[in-house]
Amino acid sequence: MSNSSSPSLPLILGVTGASGLIYAVRALKFLLEADHAIELVASKSTYMVWQAEHQIRMPVEPVQQEQFWRQQAGVETGGKLRCHPWGDVGANIASGSFRTMGMVVMPCSMSTVGKLAAGLSADLLERAADVQLKEGRKLVIVPRETPFSLIHLRNLTTLTEAGARIVPAIPAWYHQPQTIEDLVDFVIARALDQFGLDCVPMKRWQGRGIGESEPIDL
């Protein structure tokens, strides 16, 4: 499935050091296959998570990193992908004058949530997210943490009040998932729905018609 009208503006994909890199990899796969333009920035801690979760070393140099992400996503060609070093605060996505459709941070750590809620921009990912808020563009946060502390909840509330959308990494079961990828893809689809992007093959809820309800065996 792909979006019939591929937007001209790029989408920023931010990847933090939260556990669950599969969310970023699968999201990138679907976006590139649908021929979208992606500006990707991974935080410094993402490098350590790749090593810890997958025993893989993520390249630092942008061109090599693009090849790395395409390899992980299984999409050698298609779409447009540009990777940015986490410390390059002079990159295009650090400025509000660079037009984008918005940004999704997936997965998003609670450390990043806290910094964004406080208006702190210590690296390019945080700066790019802050730009989306100040420009009134869409910022979608996919937090990957459990349980949430009161501090986490307050920070997420602050971001919501500032205009961000919170799409927690909580899958559903009404689409009858059969694999881990099915559960992951549900979350990705709901996150990309916030941008009007429909590029994830997923069985969506259609409701039941009159007389179609199934009896419940009690």
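Index from 1, following the sequence. This is a predicted model, so every value here is computed, not measured.
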Spacing of [X] atom [atom1] and [Y] atom [atom2] [to the nearest 0.5 Å]:
X      : Y      : atom1 : atom2 : answer
Met103 : Ile93  : CE    : CD1   : 6.0 Å
His84  : Asp123 : NE2   : CG    : 13.0 Å
Met48  : Ser43  : CE    : OG    : 7.5 Å
Met106 : Leu192 : CE    : CG    : 5.5 Å
Leu156 : Glu145 : CG    : CD    : 10.5 Å
Leu81  : Gln67  : CG    : CD    : 10.5 Å

[X] side chain to [Y] backbone, donor-acceptor under 3.5 Å:
X      : Y      : answer
Thr16  : Ser109 : yes
Arg144 : Ser19  : yes
Gln178 : Gln176 : yes
Asp35  : Gly79  : yes
Lys138 : Gln194 : yes
Gln55  : Ala52  : yes
Thr46  : Val15  : yes

With side-chain contact (heavy atoms from CB on, under 4.5 Å) as the criterion, how do Arg190 and Asp193 come out once you've worked through the C-alpha distance, each side chain's angles and the decisive distance to 0.1 Å?
CA-CA 5 Å; Arg190 298 300 288 122; Asp193 278 350; 2.7 Å; yes
Full working for side-chain contact (heavy atoms from CB on, under 4.5 Å) between Arg82 and Glu66
CA-CA 7 Å; Arg82 176 162 47 183; Glu66 176 187 330; 5.7 Å; no
Please say yes or no: joined through hydrophobic side-chain contacts below 4.5 Å, possibly via intermediate residues, are [X] and [Y] part of one cluster?
X      : Y      : answer
Ile170 : Ile188 : no
Leu31  : Val142 : yes
Val167 : Phe148 : no
Leu11  : Leu124 : no
Ile38  : Leu125 : no

Could you check whether any side-chain heavy atom of [X] comes within less than 4.5 Å of a side-chain heavy atom of [Y], counting everything from C-beta outward?
X      : Y      : value
Met101 : Leu197 : yes
Met58  : Trp69  : yes
Glu126 : Leu116 : yes
Glu53  : Ile22  : no
Asp198 : Arg204 : yes

Quick one: closest heavy-atom pair of [X] and [Y], and the distance?
X      : Y      : result
Val49  : Ala18  : CG1-O, 4.1 Å
Tyr23  : Val184 : CD2-CG1, 3.6 Å
Pro59  : Tyr47  : O-CE2, 3.5 Å
Trp86  : Val41  : CA-CG2, 4.2 Å
Ala191 : Phe195 : O-CD1, 3.7 Å
Thr100 : Leu9   : O-CD1, 3.8 Å

Under the side-chain contact (heavy atoms from CB on, under 4.5 Å) criterion, do Arg26 and Asp185 qualify, and how do the steps go?
CA-CA 7 Å; Arg26 297 284 293 177; Asp185 293 353; 2.7 Å; yes
Please name all residues satisfying side-chain contact (heavy atoms from CB on, under 4.5 Å) with Ser149, sequence neighbours left out, ordered by chain then number.
Ile151, His152
Around atom [atom1] of [X], are there more than 12 heavy atoms of other residues, nucleotides or ligands at under 6.0 Å?
X      : atom1 : result
Arg165 : CZ    : no
Lys44  : NZ    : no
Leu150 : CG    : yes

Evaluate Val104 against Leu13 for side-chain contact (heavy atoms from CB on, under 4.5 Å), listing each step before the verdict.
CA-CA 5 Å; Val104 56; Leu13 173 59; 3.8 Å; yes
Does Glu76 pair with Arg70 as a salt bridge, N-O distance under 4.0 Å?
no
